[in-house]
Novice: 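Got a structure for you, questions after.
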Amino acid sequence: MGSLELKSIRKAYGGHEVLKGIDLEVKDGEFVIFVGPSGCGKSTLLRTIAGLEDATSGSVQIDGEEVGHVAPAKRGIAMVFQSYALYPHLTVKDNMGLGLKQAGAPKAEIEERIAKAAGMLSLEPYLARRPAELSGGQRQRVAIGRAIVREPKLFLFDEPLSNLDAALRVNTRLEIARLHRSLKATMIYVTHDQVEAMTLADKIVVLNAGQIEQVGSPMELYNRPANLFVAGFIGSPQMNFIDGAKLGDGAAKTIGIRPEHIGLSRDGGEWKGKVIHVEHLGADTIVYLETETVGTLTVRLFGEHRYAADDVAYATPVIGSMHRFDTDGRVVNSGP
Amino acid sequence: MKSRETTMDASALKRPRRWHILVFLLPALAVYTAVMILPLIETLRQSFYNTVDGQYAFVGLSNFKVLFGDPRWAADFWNALRNNFVFFLIHMAVQNPIGIALAAMLSIPKLRFSAFYRTAIFLPTLLSFVIVGFIWKLILSPIWGVAPYLMDLVGMKWLFAPWLGRPDSALIAVSLISVWQYVGIPMMLIYAALLNIPDEVIEAAELDGVTGWSQFWKIKLPLILPAIGIVSILTFVGNFNAFDLIYTVQGALAGPDGSTDILGTLLYRTFFGFQLQLGDRSMGATIAAIMFLIILAGVSLYLFVIQRRMRRYQF
Amino acid sequence: MSKARTSIVRTGAVHAALIAYTLVALFPVFLTIANSFKSRNAIFREPLAIPTPETFSLIGYETVLKQGDFLGYFQNSLVVTVVSIALVLLFGAMAAFALSEYRFRGNTLMGLYLALGIMIPIRLGTVAILQGMVAANLVNTLTALILVYTAQGLPLAVFILSEFMRTVSDDLKNAGRIDGLSEYAIFFRLVLPLVRPAMATVAVFTMIPIWNDLWFPLILAPAETTKTVTLGSQIFIGQFVTNWNAVLSALSLAIFPVLVLYVIFSRQLIRGITAGAVK
């Protein structure tokens, strides 16, 4: 219970098209993340699924049922908002119970479901409080609890972690991952943070300018990006892009190599260059190298390395790690 | 609009009619339109009609011609219009500078008792014209003698005169009473504007050596000009719509000798009649139309000229 | 605040000026109330003195309560003001919600149309308002006043409330929609409780001109049974000009409710003026 199918969803405000024909299938129990730069249409797409926005054309099906003009509350979904959106004048308990009460669920059942959700999120001590008396992290848990209580077919998350500080963000991320495993529910999650996407998703949908660039598991996107945009968006530090002509590769306009797929040596190698900056992160060392033949390269070395600015070094790509793209930015599959 | 014609799915996502928008708007629209807008339009329309030979008929601009030029009307009308402008100018010249000065003093940081001063000075604004009018009538009355007594304390008793009863001073006296009542409004609005100036700007001025008076003139005043503009237009609309105070203090005839007659009192006498004069609906509507035009002109001048030119600063 | 930026002399001068103006503002009110409790002789002999056991007298209040139906006037004012405020708040908030929440054709135009009444005084339509009330048989009823005051208060209420409603989080309203609240429930149960402070401000702003108005009671409802306090005291004082005790007592009675309300609401009112008025 909880599959979703989108067919050529389009959305335009006046003459401006925000979604340019989105087709997507989400299977029951999947954790799908929409990721993309701001303004790419990911939030609009999520709100269209929720029914908060009407698509200009196209169809939305939940469990095989067309919900194009079904009210949000009747779609069997629950949503967690970026700003939490708790009702400030209701207690935590009433916040969680309002949806069920509105649907006319029996009191005992509401109580039971709230108790269960509160247990999962360790919210029991706060049930009688109002949102103003909670910390940011607690509010976020209440917002998630409110979604759980509804036992929806689809969970929708709209950048739920972006208002939290770094430490809390990691914790909540773990909590959401745990919830997904224990509830076995279908979840759709919007974020602009590719780390969140990589760590949580079964399936990532990369959106750009109102279109889907690629759909795949995190490792598929990492290992086999379908185009330049995905290659550049997934992975940090960003993939190096080299003009194909400089490497004498006639078939590829651009060649991409991930920073972690380049070896560095003081003694000799493929490309000679001068170190312009080094970032020592402990587990990694990031070296920025100005090469003579292929321009500036970012190189990610594991562990500590004693490079410093102005050092001379030689970079060598790992065999078989190059991504080759044609003039349209699409990947060329006749790799070496 | 390419997307519009793209194949609408069979289950076209047509929105159901959003009746709730209408439900939310309807009560306000109905009352506002029925009681305010339609009567206003109807009043304007009636200013073009009058009774000719016992027949109610369209007379074009002749009501206005009568008002401006007919000896029975013109003297009263021009007198009221002139008085109204004097009334307005006194407010601009006295009420607003006092309001700005009070606001400037109240906005001094960490001034003690400033909340008390603010509350006390704003109090008269809340009183009705009737109360204010009568209180001042009593205070200025030579019979009671409070005003001469107080002036005697500062050695100015010789200056006292029954100001409200003299044609040459009555309008000024009534205007000042109105100023006394309303000074709280410019004070509050300008006080708010002054509070909106960020501390950093003032501190920067202090560091640049701009302090005291020159700080007020060079830094604060330019930043509160928009608020002064709002105060001015509010004063304008209020003054050209005034009636109650003069009716209370000087009666419907706005004496002595019509010296305090303004458009509001003229409208009242014309429309409803007073003592021997009979009420005249058409001429009443005509005066209301003139007041409407004056206020509309003032508001338009403010909205389209003054407000557009005024620079607003984003803090 | 550093010492370098303040001087005792300057602060002293500022306090002197403010105290002087505060006296100017409060003195007439004080004078009226103090003298209303004095005997006729004392009023004239020592107008500035506060009442003492020898000069204390309630004769003015006795006259007022015997001669005029002040309790009735007061009740009329209260009914007119309370009902008008309730309607202004309800209708105004509903319209403000429609304008701030929904995108529909003519939204901006509708906003401008409703804002027209902020600047154009309703009095200018008096000629036709009276005709309309005569036609509807509403002259000398409180209903006529309530209708006029509701129309008069709506423009500013819609303007202020829609500014405030724009600040209510969209996520919150959408959360309500997902929880199955109808648009009406979202308005009444989510948005209204959140804009309560703004409603209080609007209520105070609406109340003052209604309570103090002389024009419409004089024109639409001058009958003895429908007189408001403002009109009632105006007429009463006109009749009793020479009875100073009665006049001063009537004035004090008219000031009293305003004074009480001001003491209760002054914070709300001043915060309202200083927050939203200047943009």
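Note that these values count all heavy atoms, side chains included, but never hydrogens, waters or copies made by symmetry. In what follows, chains carry the letters A, B, and so on, assigned in the order in which the sequence lines appear, proteins first and then strands, with residues in each chain numbered from 1.
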Novice: Please report the shortest heavy-atom distance between C:Ile120 and B:Leu40, naming the atom on each side.
Specialist: CG2-CD2, 3.8 Å
Novice: Does any heavy atom of chain C fall under 4.5 Å from the side chain of B:Ile37, the backbone, both, or neither of them?
Specialist: side chain
Novice: Which atoms of B:Phe272 are under 4.5 Å from chain C, going by heavy atoms: the side chain, the backbone, both sets, or neither?
Specialist: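 For B:Phe272, the side chain is the part near chain C, not the backbone.
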Novice: Could you please spell out the steps behind the side-chain contact (heavy atoms from CB on, under 4.5 Å) verdict for B:Ile131 and C:Thr230?
Specialist: CA-CA 8 Å; B:Ile131 300 172; C:Thr230 305; over 6 Å; no
Novice: Report which part of C:Met110 has an atom under 4.5 Å of a heavy atom belonging to chain B: side chain, backbone, both, or neither.
Specialist: side chain
Novice: Apply the test side-chain contact (heavy atoms from CB on, under 4.5 Å) to residues B:Thr248 and C:Leu214: give CA-CA distance (whole Å), side-chain angles for both, the deciding distance (0.1 Å), then the verdict.
Specialist: CA-CA 9 Å; B:Thr248 304; C:Leu214 178 62; 3.8 Å; yes
Novice: Tell me, side chain or backbone of C:Asn35 under 4.5 Å from chain B's heavy atoms, or both, or neither?
Specialist: side chain
Novice: In Å, rounded to the nearest 0.5 Å, how long is the span from CD1 of C:Ile129 to CD of B:Glu42?
Specialist: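 Going from the CD1 atom of C:Ile129 to the CD atom of B:Glu42 covers 11.5 Å.
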Novice: Closest heavy-atom contact between C:Ile237 and B:Phe134?
Specialist: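 Heavy atoms of C:Ile237 and B:Phe134 come nearest at CG2-CE2, 3.1 Å.
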Novice: Count the heavy-atom pairs under 4.5 Å between each of B:Ile287, B:Val237, B:Asn241 and chain C, then report the option with the highest count.
Specialist: B:Asn241
Novice: Please classify the contact of B:Phe240 with chain C as side chain, backbone, both or neither, using a heavy-atom distance under 4.5 Å.
Specialist: neither
Novice: Considering only heavy atoms, which portion of B:Ser282 lies under 4.5 Å from any heavy atom of chain C: side chain, backbone, both, or neither?
Specialist: neither
Novice: Return the option, out of C:Met207, C:Gln152, C:Met133, C:His15, with the maximum number of heavy-atom pairs under 4.5 Å with chain B.
Specialist: C:His15
Novice: Rounded at 0.5 Å granularity, tell me how far OG1 in C:Thr11 sits from CE in B:Met105.
Specialist: 12.5 Å
Novice: Quick check on C:Ile43 against chain B: is it the side chain, the backbone, both or neither that has a heavy atom closer than 4.5 Å?
Specialist: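 When you check distances to chain B, atoms from both the backbone and side chain of C:Ile43 fall under 4.5 Å.
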Novice: Given that the side chain runs from C-beta out, which part of B:Ile139 has a heavy atom under 4.5 Å from chain C: side chain, backbone, both or neither?
Specialist: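 For B:Ile139, the side chain is the part near chain C, not the backbone.
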Novice: Ignoring hydrogens and geometry, is there a side-chain-to-backbone donor-acceptor pair from B:Tyr32 to C:Gly117 under 3.5 Å?
Specialist: yes
Novice: Checking heavy atoms, do the side chain of C:Phe44, its backbone, both or neither come under 4.5 Å from chain B?
Specialist: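 Backbone plus side chain of C:Phe44, per the 4.5 Å heavy-atom cut-off to chain B.
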Novice: Please list, chain by chain and in numerical order, all residues satisfying ring pair (Phe, Tyr, Trp, His ring centres under 6.0 Å) with B:Trp180, sequence neighbours excluded.
Specialist: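 Listed in chain order: B:Trp136.
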Novice: Find the one option among C:Val14, C:Asp213, C:Val148 whose heavy-atom pairs under 4.5 Å with chain B are most numerous.
Specialist: C:Val14
Novice: Quick one: side chains of residues 17-34 of chain C, donor-acceptor pairs under 3.5 Å with protein atoms, not counting sequence neighbours, listed by atom name and distance.
Specialist:
| unit_1 | atom_1 | unit_2 | atom_2 | d |
| --- | --- | --- | --- | --- |
| C:Thr22 | OG1 | C:Leu18 | O | 2.7 |
| C:Thr32 | OG1 | C:Pro28 | O | 2.7 |

Novice: Quick one: pull up CG in B:Leu126 and CG in C:Leu259 and give me the separation to the nearest 0.5 Å.
Specialist: 9.5 Å
Novice: Of the listed residues (C:Ser252, C:Ala250, C:Ala98), which shares the most heavy-atom pairs with chain B below a 4.5 Å separation?
Specialist: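 Between C:Ser252, C:Ala250, C:Ala98, the count favours C:Ala98.
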Novice: Tell me, out of B:Ile295, B:Ile98, B:Leu123, who's got the most heavy-atom pairs with chain C below 4.5 Å.
Specialist: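 Option with the top pair count is B:Leu123.
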Novice: Heavy-atom distances under 4.5 Å only: say whether C:Ile122 touches chain B with side chain, backbone, both or neither.
Specialist: both
Novice: Within a strict 4.5 Å, meaning less than it, do heavy atoms of the C:Gln234 and B:Tyr247 side chains meet?
Specialist: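 In short, these two side chains touch, coming nearer than 4.5 Å.
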Novice: At a 4.5 Å cut-off on heavy atoms, which part of B:Phe113 comes close to chain C: side chain, backbone, both, or neither?
Specialist: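 Answer is side chain: those atoms of B:Phe113 sit under 4.5 Å from chain C.
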Novice: Is it the side chain or the backbone of B:Val23 that comes within 4.5 Å of chain C heavy atoms, both, or neither?
Specialist: both
Novice: Are the aromatic rings of C:Tyr184 and B:Phe24 close, with centres under 6.0 Å apart?
Specialist: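 Judged by ring-centre distance (under 6.0 Å), C:Tyr184 and B:Phe24 do meet the cut-off.
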Novice: If every non-hydrogen atom of C:Gly125 is compared with every non-hydrogen atom of B:Pro39, which pair is closest and at what distance?
Specialist: O-CB, 3.8 Å
Novice: Pick from B:Pro124, B:Gly264, B:Ser114: which one has the most heavy-atom pairs with chain C under 4.5 Å?
Specialist: B:Pro124
Novice: Sort out for me which of C:Leu90, C:Ile219, C:Leu99, C:Leu147 touches chain B most, counting heavy-atom pairs under 4.5 Å.
Specialist: C:Ile219
Novice: Among C:Val158, C:Leu248, C:Leu218, which has the most heavy-atom pairs under 4.5 Å with chain B?
Specialist: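 The answer is C:Leu218.
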Novice: Nearest 0.5 Å, please: how far is CZ in B:Phe236 from CE in C:Met119?
Specialist: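 Going from the CE atom of C:Met119 to the CZ atom of B:Phe236 covers 11.0 Å.
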Novice: I need the minimum non-hydrogen distance between B:Leu29 and C:Tyr113, along with the two atoms involved.
Specialist: CD2-CE2, 3.7 Å
Novice: Identify the two heavy atoms, one from C:Arg123 and one from B:Phe243, that lie closest to each other, and give their separation to 0.1 Å.
Specialist: NH1-CB, 3.7 Å
Novice: Between B:Val299 and chain C, which part of the residue has a heavy atom less than 4.5 Å away: side chain, backbone, both or neither?
Specialist: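 The side chain, not the backbone.
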Novice: Walk me through whether C:Thr126 and B:Leu267 qualify under side-chain contact (heavy atoms from CB on, under 4.5 Å).
Specialist: CA-CA 10 Å; C:Thr126 305; B:Leu267 167 63; 5.5 Å; no
Novice: With a 4.5 angstrom heavy-atom cut-off, which part of C:Leu130 approaches chain B: side chain, backbone, both or neither?
Specialist: side chain
Novice: Which atoms of C:Ile208 come close to chain B, meaning under 4.5 Å heavy atom to heavy atom: side chain ones, backbone ones, both, or neither?
Specialist: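 Only the side chain of C:Ile208 comes within 4.5 Å of chain B.
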Novice: Taking side chain as everything from C-beta outward and backbone as N, CA, C, O, which of these in C:Gln131 sits under 4.5 Å from a heavy atom of chain B? Side chain, backbone, both or neither.
Specialist: side chain
Novice: For B:Phe271, which atoms come within 4.5 Å of any heavy atom of chain C: side chain, backbone, both, or neither?
Specialist: side chain
Novice: Where on C:Trp244 is there a heavy atom nearer than 4.5 Å to chain B: the side chain, the backbone, both, or neither?
Specialist: side chain
Novice: How long is the gap from CG on B:Leu25 to CE on C:Met94, to the nearest 0.5 Å?
Specialist: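 CE of C:Met94 is found 8.5 Å from CG of B:Leu25.
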Novice: Any idea which of B:Ile233, B:Ile135, B:Thr125, B:Leu38 has the most non-hydrogen atom pairs under 4.5 angstrom with chain C?
Specialist: B:Ile135
Novice: Which pair of heavy atoms, one from C:Asn212 and one from B:Ser128, lies closest together, and at what distance?
Specialist: OD1-CB, 3.0 Å
Novice: Would a line drawn from the ring center of C:Phe187 to the ring center of B:His20 be shorter than 6.0 Å?
Specialist: no
